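Comments concern the structure below.
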Amino acid sequence: MPELPEVEVLRRDLEVEVVGAQVVSVVVTGARTVRRQDPGELVTRLAGARLTAAGRAGKYLLMALDGGPDTLVVHLRMSGQLILTAPDAPRPAHTHAVIHLADGRELRFVDPRTFGELFVSREPPGPLGADPSDPSWRPTDLAGVVAGRQARLKALLMDQRRLAGLGNIYSDEALFAAGLRFDRPAGSLGRREVARLHGAIVETLAAAVTHRGSTLGDGGYVDLHGRPGAHQDHHRVYAREGRPCLRCGRTVVRLRLGNRSTFLCPTCQS
DNA sequence: ACGCCCGCCTGTAAGC
DNA sequence: TGCTTACAGGCGGGCG
């Protein structure tokens with residue numbers, strides 16, 4: 001659910017609200033929340049640190065500690081939320097970690113499905129491909145990713161090692177905007193199709209950030225203040241199965257790629 | 001190496 | 001009405 005746009009909205013919120021704040025203490029209660037290291041090590045490295053910058057790498061949130069190499073890394077995975085509140089606000093169920101700030105506010109990590117994680121590291125979070133929201137990301141970069149690949153286009157777009165930040169929603173939306181089918185062999189794209197897809201990805205992500213991300217029916221994503229986004233009202237194919245295509249009027253269909261839903265217009269996408 | 005599938009989780013909603 | 005089942009999906013691991 002949280003993909004690049006949702007994580008970017010959260011990063012911007014953190015930049016405004018949290019950068020400059022000092023951590024007093026951290027309480028980790030979730031059994032799986034800190035799993036790349038001893039939770040005690042994370043608590044020790046965070047306690048007393050100042051949060052000096054808010055960054056993002058693909059879907060990872062990065063908070064620099066004391067300007068140094070240590071970085072607090074947060075991945076929301078499916079259902080994670082990072083919420084900044086007053087300490088007397090009711091603590092929601094599935095609150096797995098609380099970062100207490102010096103001014104009394106709490107930064108809470110809430111995650112019903114427990115796939116999300118926190119860790120403190122000096123290393124990059126994982127082997128990530130280029131960030132498609134980076135202004136220096138060009139059509140030739142995308143051409144290099146798809147060249148010679150047999151994998152289906154959508155699978156490649158969602159492979160974080162090739163391109164960092166797209167998930168199920170925005171890959172479907174970008175493929176619709178580009179007029180391309182999800183199951184095209186990636187390497188079969190011509191130069192003009194690659195250019196179209198590049199533009200579609202850039203514009204799709206930018207629009208989603210403008211609308212502060214997508215919050216689906218099940219609630220999932222909210223910003224740092226607990227508010228939902230509005231981009232779900234601008235989806236053009238995602239979760240629109242059985243409804244008319246907004247471009248041609250024919251019916252949007254839902255297919256399966258692996259165990260995941262894929263939405264497309266068979267007329268507009270080829 | 002490459003491509004693809006499963007399992008990890010739990011809340012919600014549809015189906016019987 | 002109450003129970004069961006399907007579904008949501010990012011990503012690591014493992015398979016062919």
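As the structure is a prediction and not an experimental result, all values here were calculated from the model. In what follows, chains are A, B, ... by sequence order, proteins preceding strands, each numbered from 1.
Here the P atom of nucleotide B/dG11 and the CG atom of A/Leu216 are 18 Å apart, to the nearest Å. Rounded to whole Å, the distance from CG on A/Leu156 to P on C/dG10 is 15 Å. The separation between A/Arg113 atom CZ and B/dT12 atom C1' is 9 Å, rounded to whole Å. Per the geometry, CG belonging to A/Leu128 stands 12 Å off C1' belonging to C/dG10, to the nearest Å. One atom, CZ of A/Arg32, and another, C1' of B/dC9, lie 7 Å apart when rounded to the nearest Å. Between A/Arg161 atom CZ and B/dA1 atom P there is a gap of 11 Å when expressed in whole angstrom units. Look at CG on A/Asp111: it is 12 Å from C1' on B/dC8, rounded to the nearest Å. The distance between atom CZ of A/Arg56 and atom C1' of C/dG10, rounded to the nearest whole Å, is 16 Å.
For the pair A/Asp70 and A/Arg45, the salt-bridge criterion is met [side-chain N within less than 4.0 Å of a carboxylate O]. Using a 4.0 Å cut-off between a side-chain N of Lys or Arg and a carboxylate O of Asp or Glu, A/Asp183 and A/Lys154 do not qualify as a salt bridge.
At a threshold of 4.0 angstrom between heavy atoms, the contacts of A/Ser79 with the nucleic acid are absent. Among the heavy atoms of the strands lying under 4.0 Å from A/Arg256 are primed sugar atoms or P, OP1, OP2 only; no base atom is included.
Residue pairs satisfying the side-chain hydrogen bond (donor to acceptor under 3.5 Å, both in side chains) criterion with at least one member in residues 190-199 of chain A, sequence neighbours excluded, are listed as follows: A/Arg184-A/Glu193.
Put simply, A/His94 has no side-chain N or O that comes within less than 4.0 Å of OP1 or OP2 on B/dC9. Regarding contacts with the backbone of B/dG3, every side-chain N or O of A/Arg152 stays at 4.0 angstrom or more from both OP1 and OP2.
Summarising the geometry, atom OH belonging to A/Tyr221 is positioned 11.0 Å from atom CD belonging to A/Gln232; distances are rounded to the nearest 0.5 Å.
Note on ring orientation: taking the six-membered ring where Trp is involved, the planes of A/His211 and A/His231 are parallel (angle under 30°, cut-offs 30° and 60°).
Residues that satisfy the side chain to side chain contact (heavy atoms under 4.5 Å, CB included) test with A/Ala186, not counting sequence neighbours, are A/Val146, A/Arg149, A/Leu153, A/Leu156.
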Going 5' to 3' through nucleotides 11-16 of chain C and flagging B where a protein heavy-atom sits under 4.0 Å of the base, S where only the sugar-phosphate is that close, and - otherwise, we get BS----

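The hydrophobic cluster containing A/Val43 does not contain A/Phe119, counting ILVMFWY residues as joined when their side-chain heavy atoms lie under 4.5 angstrom apart, directly or transitively.
Side-chain proximity of A/Ala151 to the nucleotides C/dG10, B/dC4, B/dG11 is greatest for B/dC4.
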